[in-house]
Structure formats: structure tokens, C-alpha cells
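Every value quoted in this text rests on a predicted model; they were computed, and no experiment measured them. As the structure lists them, so they are numbered: ligands from 1, and atoms in each ligand from 1.
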Amino acid sequence: MKRLLGRLAGQKVLIIGDLMLDHYLLGTVERISPEAPVPVVRVEKETHVLGGAGNVARNIAELGGKPVLAGMRGKDIHGQRLKDHCSSAGLATRVLASESRPTTVKTRVMAANQQIVRVDHEDLGQPSDAELDELFELIAEDLESAPVVILSDYGKGLICRPFMDRLWTALQSLKSRPYVLVDPKTVNYDLYTGVDLLTPNTKEAGEGAGMAVNSMESAVLAGQKLFDRLECKHLLVTLGRDGMALFHDRETVSHIPTFARKVFDVTGAGDTVIGTLALGLAAGGSLVDSATLANHAAGIVVGQIGAATASPGQVVDSIDELPEVEVRSLL
Ligand SMILES: Nc1ncnc2c1ncn2[C@@H]1O[C@H](COP(=O)(O)OP(=O)(O)OP(=O)(O)O)[C@@H](O)[C@H]1O
Ligand SMILES: [Mg+2]
């Protein structure tokens with residue numbers, strides 16, 4: 001595990017997906033508005049964080065990898081901010097600035113550690129053909145040189161049928177094609193036929209399979225239905241506190257458990273999983289080793305307030321502290 005961790009540095013991963021800016025307004029409430037029965041928040045602090053595909057890229061950068069982040073933003077103040085955050089995080093970017101759509105922004109107004117309201121700016125429409133052409137020109141070389149590609153689909157419009165058609169066309173012309181991983185969005189399952197690996201959580205796996213997932217047995221059954229539906233090569237169903245079910249193929253499933261730990265903030269764990277897994281595979285790690293490493297990294301992220309990434313030092317500590325994972329077959 002540590003040897004694989006040591007090999008992550010400098011490995012390239014291309015992340016294509018929905019770029020987002022998480023915007024936080026933090027303040028206090030002292031009164032109800034005279035205009036409507038709503039609290040008045042006096043803002044004391046304002047922060048911006050990269051979300052969506054950008055968070056996947058940050059996870060890869062934190063582990064020493066070389067993420068290349070591709071997607072779209074608007075030509076607006078938030079788009080400029082998103083660009084600035086990418087450069088201060090040291091991310092290489094292939095970002096198209098759209099004339100017609102806004103940057104996806106989620107503004108959360110918080111007071112007394114509680115969310116008062118969330119305000120979304122987004123346009124869920126598909127990009128135009130011209131925009132997609134331009135994006136694929138931007139990433140043409142990366143598709144050739146990156147051993148692993150992540151599609152980080154948050155259902156904000158970029159990953160659509162015309163996008164996938166262009167992707168397969170571009171990959172078909174390559175001598176060796178990169179391994180394609182997808183963090184799926186339920187409404188888009190039909191787009192993922194033929195990808196190498198998906199990383200749904202239990203809810204997404206159940207929705208994709210058209211069944212309820214509420215036990216290990218049902219998770220395995222749902223996984224098999226996803227194989228039948230998508231003809232993927234591998235599958236990793238994340239099971240929250242129960243860890244992961246790794247499908248080497250439709251009939252070979254391993255369970256990678258987590259260890260009891262305090263959980264503070266589960267948001268972003270999925271981004272950590274797919275980022276770490278992709279980086280492990282790019283470094284030549286096996287599926288099971290890369291997924292186990294991802295399990296360690298995600299465990300660190302959920303155990304910290306606000307932190308959305310894990311560093312190599314933290315992963316080493318986690319490997320040292322926790323008992324060695326016993327990967328058990330589920331079938
Ligand atoms: N309570 C927990 N204890 C330990 N590890 C956890 C816990 N919850 C999540 N994890 C780790 O995070 C991984 C991903 O969690 P989960 O299945 O909740 O993903 P997700 O729903 O996609 O997350 P996200 O909120 O980012 O969308 C798990 O496979 C596990 O490694
Ligand atoms: Mg997720």
C-alpha cells in the first residue's frame with residue numbers, strides 16, 4: 001500500500017466534468033426581516049471553494065498527482081474566481097469560457113452552524129456543438145497522454161450524448177486508449193455504456209439498477225444489474241460507513257470494509273474515492289490496492305471538519321494505525 005502511495009507523485013489524470021464554485025456566506029442572525037418572515041443574516045465571512053470536478057482534481061493534486069481539469073465556466077465574475085482558485089491550487093486547466101451559460105455556483109448562507117438557504121446559479125442545458133468542438137480541441141493531447149480519464153458528472157449539462165459521442169470518436173483514434181472512470185449521475189446512466197469503471201454510491205447503484213439497495217446482498221445484485229445494463233469492465237459501489245464493494249467483473253466481488261472512526265463531514269468523500277482510485281491506477285496499482293488506498297483517503301476526509309482532501313502523510317498514518325484490510329469475497 002505504501003509503495004503504491006510512493007508512486008502516485010507526478011502521475012497524470014485527466015478530469016472532465018462539471019465545474020462548480022461552492023460559495024459560503026457565514027454570519028449571525030439577530031432578527032426577523034420586516035419585509036418577509038425570514039431571518040436576516042449579517043455576513044461576517046465569505047469564502048469560495050472549488051466544488052464538483054474541481055474537488056476531484058484537488059484531491060489528486062494533494063496526493064502529489066498531476067491533475068488536468070477540463071470543463072466549462074461562464075464569462076462572469078464567478079468564472080474568473082473559479083479560474084483563480086484553480087491556479088492557486090496548482091491545477092492545470094482546459095476550461096472553456098462559455099458566452100452563453102453562467103458559471104455553476106452554489107451559495108450557502110450559514111448562521112450558527114446551520115444552513116439557512118442555498119442559492120444555485122446554473123444552466124443545465126447541453127453545451128453547443130461549437131463549444132464541444134472547442135473543448136475537445138483543448139483536451140486532444142491530454143486524451144492521448146493521460147493513462148486515466150475521470151468523468152465527474154454532477155448532472156450540470158456537460159456530460160451529454162454529443163459529449164460522449166465525441167469522446168468515443170476521439171478515443172477510437174488513439175493507439176492505446178486511457179482507462180475511463182465515471183462518477184455517475186442517475187439521470188445519465190444511459191450515457192455510460194462501455195466505460196471501464198463506475199463509482200456509484202448505494203443510492204445511485206440502486207437507482208441505476210432499478211431496485212432498492214439496503215444490504216450487502218442487494219448491493220451485489222444491483223452491481224450485477226449495472227454490469228448487464230452498461231457492459232462496464234469493473235465497478236466500485238461505495239457503501240458509506242460499510243466501505244466499498246469492488247467488482248473485478250460481474251461475478252467477482254470483494255468487500256473493502258472501513259474501520260470504526262468518528263465521522264464529522266461526509267461531503268466530498270465520493271470525490272476523494274474516484275480521485276485516489278484513478279491516481280492509483282495511473283501509477284500502475286491493481287484495482288484492489290487502488291481502491292483500498294481510496295478507502296483510506298476517504299476515511300480521512302470524512303473524519304475531518306471542512307477538509308475535503310487527504311495528504312500522503314495522512315494516508316501513511318492511516319495505513320499504520322488501522323489494521324490491515326482483509327478483502328473478503330462477497331460471492
Ligand atoms: N461513516 C464512514 N466511516 C468511514 N468511512 C466512510 C464513512 N462514510 C463514508 N466513508 C468512506 O467514503 C467512501 C464514500 O462514501 P459514500 O458511499 O457515502 O460516497 P458518496 O455518497 O458518493 O459521497 P458524496 O457525499 O461525496 O457524494 C466510502 O466508500 C468510505 O470509504
Ligand atoms: Mg458521490
Side-chain angles (χ1 to χ4, degrees), residues 1 15 17-18 20 22 49-60 63 106 108 115 150-156 159 181-189 192 197-208 213-216 218-220 222-223 226 234-247 253-278 280 287-310 314-315 317-319 321-323 325-328 330:
M1 210 48 42
I15 305 109
D18 295 309
M20 283 181 229
D22 287 321
V49 190
L50 285 178
N55 190 41
V56 179
R58 283 205 305 137
N59 271 279
I60 292 171
L63 288 170
K106 290 175 189 287
R108 292 160 179 103
Q115 198 175 123
I150 295 175
L151 303 182
S152 178
D153 190 359
Y154 278 83
K156 303 302 177 195
I159 311 294
L181 280 90
V182 183
D183 193 354
K185 187 80 188 170
T186 295
V187 291
N188 282 340
Y189 264 109
Y192 310 136
L197 186 150
L198 295 103
T199 61
N201 59 23
T202 42
K203 184 165 172 280
E204 291 153 350
E207 287 165 351
V213 175
N214 45 27
S215 63
M216 210 61 93
S218 53
V220 171
L226 286 178
H234 313 288
L235 179 70
L236 183 74
V237 180
T238 63
L239 308 168
R241 55 168 300 151
D242 293 322
M244 311 167 155
L246 173 64
F247 290 70
V253 195
S254 311
H255 178 218
I256 305 173
T258 54
F259 302 101
R261 65 162 72 236
K262 281 215 176 85
V263 173
F264 288 104
D265 184 359
V266 294
T267 43
D271 293 338
T272 303
V273 168
I274 196 165
T276 312
L277 175 69
L287 260 184
V288 66
D289 285 350
S290 303
T292 306
L293 211 55
N295 201 39
H296 278 287
I300 292 161
V301 165
V302 301
Q304 290 177 323
I305 299 170
T309 60
Q314 287 174 309
V315 178
D317 290 346
S318 173
I319 294 169
E321 282 163 21
L322 298 176
V325 177
E326 218 180 288
V327 180
R328 224 169 22 86
L330 284 173

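With rounding to the nearest 0.5 angstrom, the CG atom of L236 is 6.5 Å from the CD1 atom of I256. Here the CG-CD distance, from N201 to E207, works out to 8.0 Å after rounding to the nearest 0.5 Å.
Proximity of L239 to H255: side-chain heavy atoms (C-beta onward) are separated by under 4.5 Å at one or more points. T276 has its side chain out of reach of S290: every pair of non-hydrogen atoms, C-beta onward, lies at least 4.5 Å apart. D265 places none of its side-chain heavy atoms less than 4.5 Å from the side chain of Q304.
Residue-ligand proximity, T258 to ligand 1, at heavy-atom distances under 4.0 Å covers atoms 4 (C), 5 (N), 30 (C), 31 (O). Near G268, meaning under 4.0 Å from any of its heavy atoms, are these atoms of ligand 1: 25 (O), 26 (O). The V273 neighbourhood of ligand 1 comprises atoms 13 (C), 14 (C), with distances under 4.0 Å to a heavy atom of that residue. Atoms of ligand 1 found under 4.0 Å from any heavy atom of V266, numbered from 1 in the order shown, are 25 (O). Set against the non-hydrogen atoms of N295, the atoms of ligand 1 under 4.0 Å away are 30 (C), 31 (O).
Atom 5 (N) of ligand 1 lies below 4.0 Å from at least one non-hydrogen atom of the protein.
Of the candidates T272, T238, T276, T238 brings a heavy atom nearest to atom 19 (O) of ligand 1. Within the set G243, A205, A298, the minimum heavy-atom distance to atom 29 (O) of ligand 1 is found for G243. When the options A269, P200, G240 are ranked by their closest heavy atom to atom 30 (C) of ligand 1, first place goes to G240. Of the candidates P257, A297, A291, G270, the one placing a heavy atom closest to atom 23 (O) of ligand 1 is G270.
For the pair Y189 and P184, the tightest heavy-atom approach, listed with the atom from each and the gap, is OH-CG, 3.9 Å.
Of all protein heavy atoms, the one lying nearest to atom 1 (N) of ligand 1 is V263 CG2, 3.1 Å. Closest to atom 20 (P) of ligand 1 among all protein heavy atoms lies N201 ND2, 3.7 Å.
Contacts between L239 and ligand 1 below 4.0 angstrom, taking non-hydrogen atoms only, involve the backbone exclusively.
Looking at D18, its side chain does come within 3.5 Å of a backbone N or O of K156 through a donor-acceptor pair.
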**Item:** Audit row: S152, D183, side-chain hydrogen bond (donor to acceptor under 3.5 Å, both in side chains) steps and yes/no
**Value:** CA-CA 5 Å; S152 178; D183 193 354; 5.4 Å; no
